[in-house]
Structures are given as C-alpha cells and as structure tokens.
Amino acid sequence: MKHENKVFFLIDVNNMYVSCERVFDPSLNNKPVIVLSNNDGCAVARSNESKALNIKMGVPLFQIKDIVQKHNVVVLSSNYVMYAEMSRRFHKILSSYVTEEEVEPYSIDECFVDFTAYEKNFDLEKVGQQMRQQIWKWIGLPVCVGIGRSKTEAKISNHIAKKNQGFNGVCDLVNMDPCNKEYYFGNIDVSEVWGVGRKHAKKLHSMGVKSVLDLACTEAREMQRQFSIVMARTINELQGISCIEIEDTPPSKKQIIKSCSFGAKVTEIDDLKEAIAMHAQEACKRLREEKSLCGCLLVFVQSSPFDDSAPFYNKSITGAFSEPTDCTTDFVRAAVSMVSDIYKEGIKYKKCGVILTGLEPKVGHTYDLLTDFEAIEKKEQLMKALDNVHTKFGKKKLGVGPCYIPGRTWSMSRDKLSRNPFRWDELIEIKR
Amino acid sequence: MSEIAPSIIQIKPYLTQGIVLSEALSIKQVIPTTHMLVPYALEKINAGFPSPAQDYIDKALDMNEHLIKNETATFIVKVASLSMLNAGIDIDDELIVDRSLDAKHGDIVVALIDNDFTVKRLMIDEKGQWLKAENPEYKNIYLMDGQELIIWGVVTCIIKMIRNS
C-alpha cells in the first residue's frame, strides 16, 4: 500500500551501550569509552570521545591497544542483560505516545512510531523534543529523533539530526523547507539510505547516483528494472511516499542461533561437548519461550580465522528430529552426538554453536499417527519443571551436564563487566 | 542430513525409560508458583497492555504498586554513606528513586557532583541550589564556580531491612 500523507518518527539512542553504562557509572561521562563484543573481542559501541580517537566500529581490541593505552580509553565488557532492561524502558516510554499498533521496536536502540493519526493536532518537532527530553529525564539515555513521510525518510532524518548539532537532536523533514531538504539530501552519501547495502551503493555510484538526493531523483520504475522492487520502494519512500508499514507484531522467528567464542582455545572433545550442551539448552529455552517446536538442528565448530599458524577449520553438521521438539534433553543429546561427528583432533577451537531451524508454532503442530503421546506428555512436564526451577532459582541452577558449574575451561571471558543495577545484589552504591 | 538422523532418533527410547523423568515429575508437585509483579523483569520486552480483568482478580496487597508509582522511571540504589543518618537513611538501606519527578525544595535526591553519586536533601533558596547533609559530622555541599549539580532522581522511599536473615 502506498500512502502520501503518513508521518513516521524514528527514535534512536545515541551510542546505546556506552550511554547505558554511563547512567549507572557517571564517572564515565566525558571520557573515551568502548564496549566490547561477547568474549571481549571487538569494539561494538563507542562514545563520541572514542569515535574522535578514530576507533572504528567492530575493530578487534588487540589492534587498538596503543590508542587505548595512550588515551586512557575505558574498556568495558558488554552487559546485555542491563542493556535489554534499559531498552525495554525506552520502548515503553515511546509506546505511551501512540497506540500499540502504531509503535514498532525496530532494534535494541531504535523504535519507529507511526504518528499519522495525530499530525493535525501537534507540532511534530515539539513532540520529538518532548520524547527526547522525557527519555533523557526518565532513564538517562540521549536520543535523536527523525521525522519523515516514510520510514526510510525518518531514518535519513534521524541521521541528519545526529550529524548536525544545530537540530538539537530532532529533525523534522515533514515541515522542512524543500530547498533545505535538498541541501541535506545532497550532502549524504547514498550508502546511508536504509536498505541500500554496500553492494548496491557501489553500483549506484558507478551510475552517478552518489547522494541521497541523486537517488531520490531517479525514476523508481526504471530503477526497479536494474535492481529490484526493493530499490523501487526505497526510492518511493525517499520521495515521501510510504510503502513500508509499521510492523507491530514482529514476524515469528525463522531460526534461533546460539553461539559464542571460547575464553581460551579448546582442544578436547569433552570441553566442546560441554559448551555445545550449554548452547543447545539455551537455544531450546528460547524456543519454548517463543512457543515453537524445532525440526532441524545445525551444530558448528570453528577454529580462529585470525590464527596464521594453522588452517581455518570450520565444520557444521545438520540433523533432523524424527518429531519436532522443544525438549532440552532431546537437544543436548542430539547436539553432543553431532559435535562428536565433526570433532577433529589437533584443532584449536575458538567457537562453537547451534542453529535451530524448521521452526513451527507449537499450537499448530499435528503429531503423526505413531506418536508416543505418553512420552511427549512426560517431556512436557519435565520442561515445565525445568522452567519453573529456572524462574525461581535462576537459569544456572539446573542444567544438563556440567556446563553451568563455574570455571569451565571454555567459559567466555568478560573481564570488564559492569554490575547489573537491576539485581538486588548488584545495586548501585551511593558512597557520598 | 541423513547420516546423523539415526543417532537423534535414538533419543526417544532413551527418554521414555524415564528414570530421570519420574523424579522430575514429582518435583513439579512441590514447586510453588508465586506470582510477583516485579517491575524490573529482565527477560522480555513487555509489549502490550495488561488485561483490564487483572484489576478484578488481583485484590491482594501488591508492594510494587504501593511503593512504585512509575515503573519505567524507577531505579533502586543502595546506600553506602552515613551522611543522611538523621533522615533515617543508614548504610545498606535501599532507596527507591523515581527519575520522572521534578525535584522540589526539601526532597531527598540522588545527585551527581563532579560525576560522582551522592544522596542529600535538595535545598533551593535565594542563592540557588545546595545539598544538605542530615548528619552533623558531614558537610553540606555548596556549588563552587564551574561545578554543576545534576539531579539523578528523587528518592521516594527507603527500604530498611531490620531483621538480618
């Protein structure tokens, strides 16, 4: 459906992970800070001060050791549990502005709001400022707000608000003078447009389409021939015609991935089995939370691609369950036996994981004629008991195999983890 | 895919032998499923509104409802200072802090001075804002030139555990 008079907001938290850390540790304010990926590998979030030191997104820590030391960059492990709670609050504040159907949590730090129904009654820029101030006051996170006639426009608008101080964090393309709009569109590279990947950007550049303005001025139907319907839609969106609706109910997941790098290199099959058992259990728990069944399991192991002394080992194996299941013991048994099949002696493993595919909603599943319903019912009860134990005593108190016993040789290293201020035993302390 | 499938199918007979299962089944009977409306659930993004029917079902006292007026803006912190002892705030007390409130004269606040947390009583007089300690052994905080006072949140409640477990 195409609409010309829609109004979309995109609200985006600036440097989300660093900003979350600063709420609970104000001593990080005004300092260069980076947050590392799982296992303390690469920088996945940077404060403005770190960006100014030319620390790039995704760069491995060992490559920036010198900058870190020279400029006293604060290095933190990622505290995903805390970020998730802050994200929940961020989205909740925004959902108070409109109805449930008009808000789309797009990612941990981004949210679309369809404001079309209220446009006539409000000054859009003021609403944007109000959102910004409320989120800052209530949960201490700095955000930028982009407003446009389509989601793609709102995205670009947000980019403009971020890059140009004069906007004070809110850019309203809906009410912007067309000449100004052209000026800003003309100054942004086409690769910044939502949905234009690096590959497309290259091709566009070679065609002379360099800026957002260039792309907005192309003929959608002509471009559809050379690219795809997606590109045509993007161009329409840039021209202020909304083609992508708010998705208030996220589509059910196609797959569940659970993997992690090891804290140290792993060579023994027993360690690998422990780690894969943990991933299988956690993936299976997520499966139950989504009320789905899984028909197909993929297990993979990898050595480090950065290790020059040995060839890169990357092997995976797929298996189908005879009956789709959400039972942890099924998963652990399958994953452990599968990992043995792809294990090769003498490899220094750096990573392993599971991917669950063939997902289907549990309620819609039809069991075949020969199903042993007694067994299914027993598994069902066992999983209920397991989940109850987890809810009451924590996820690590009961599991299959020894993977949750502290100090495993393969455990993830998170040396610089901040505390989780949403736990009773880790509350922030006020010392003065 | 076919090569490993048999090993997975073997799982079924193993599980139906059920030694582990029968134990787990009996566990299920003794698990009390308490339902607490803890506002800082860590697991999921809570989309959607609660059912209006809840109001009629849940008539029991709910501490969260009583103590927390705005869940989204509420944080809990722990005290490690004696500077507010005479206001009833002791070491290890927990404070409920509501960031959505505008701090008024006389409110106890969690504030930032030089990017450091402090808990004090906010005083607003003709000279501006200053922070009052509620313990004669501690100094009040008056802002020096270039120093900034940032109100982090307003304290609405003190949780004081009086019986050590």
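Fair warning: this is a prediction, and the values are worked out from it, not measured in the lab. Just so it is clear, the values below take in all heavy atoms, side chains as well, and ignore hydrogens, waters and symmetry mates.
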**Prompt:** Distance under 6.0 Å and angle within 45° of the ring axis: does A:Arg432 meet both against B:Tyr138?
**Reply:** no
**Message:** Testing the basics here: between A:Trp136 and B:Arg99, what is the closest heavy-atom pair and its distance to 0.1 Å?
**Reply:** O-NH2, 3.1 Å
**Asked** Under 4.5 Å, heavy atom to heavy atom, which residues of residues 143-151 of chain B contact chain A?
**Response** none
**Message:** Around atom NZ of A:Lys396, are there more than 12 heavy atoms from other residues, nucleotides or ligands closer than 6.0 Å?
**Reply:** no
**Prompt:** If you tally heavy-atom pairs under 4.5 Å against chain B, which of A:Lys431, A:Lys137, A:Glu429, A:Glu374 wins?
**Reply:** A:Lys137
**Item:** residues 90-98 of chain B: residues contacting chain A (heavy atom under 4.5 Å, by number)
**Value:** B:Glu94
**Request:** Identify which part of A:Met86 has an atom lying under 4.5 Å from any heavy atom of chain B, answering side chain, backbone, both or neither.
**Result:** side chain
**Request:** Could you tell me which residues in residues 77-89 of chain B have at least one non-hydrogen atom under 4.5 Å from a non-hydrogen atom of chain A, sorted by residue number?
**Result:** B:Val77, B:Lys78, B:Val79, B:Ala80, B:Ser81, B:Ser83
**Message:** Under 4.5 Å from any heavy atom of chain B, what part of A:Phe24 do you find: side chain, backbone, both or neither?
**Reply:** both
**Among A:Thr325, A:Ile428, A:Leu28, residue most engaged with chain B (heavy-atom pairs, under 4.5 Å)** = A:Ile428
**Asked** Given side chains that start at C-beta, do those of B:Ile76 and A:Phe422 come closer than 4.5 Å, heavy atoms only?
**Response** no
**Message:** I'd like to check B:Phe75 versus A:Ile139 (side-chain heavy atoms, cut-off strictly below 4.5 Å). Are they in contact?
**Reply:** yes
**Asked** So which heavy atom on B:Thr72 is nearest to which on A:Lys92, and how close?
**Response** OG1-CD, 3.8 Å
**Item:** Residues in residues 111-118 of chain B near chain A [non-hydrogen atoms, under 4.5 Å]
**Value:** B:Leu112, B:Ile113, B:Asn115, B:Asp116, B:Phe117, B:Thr118
**Message:** If I compare all heavy atoms of A:Val23 with all of B:Trp152, which pair ends up nearest, and what's the gap?
**Reply:** O-NE1, 3.1 Å
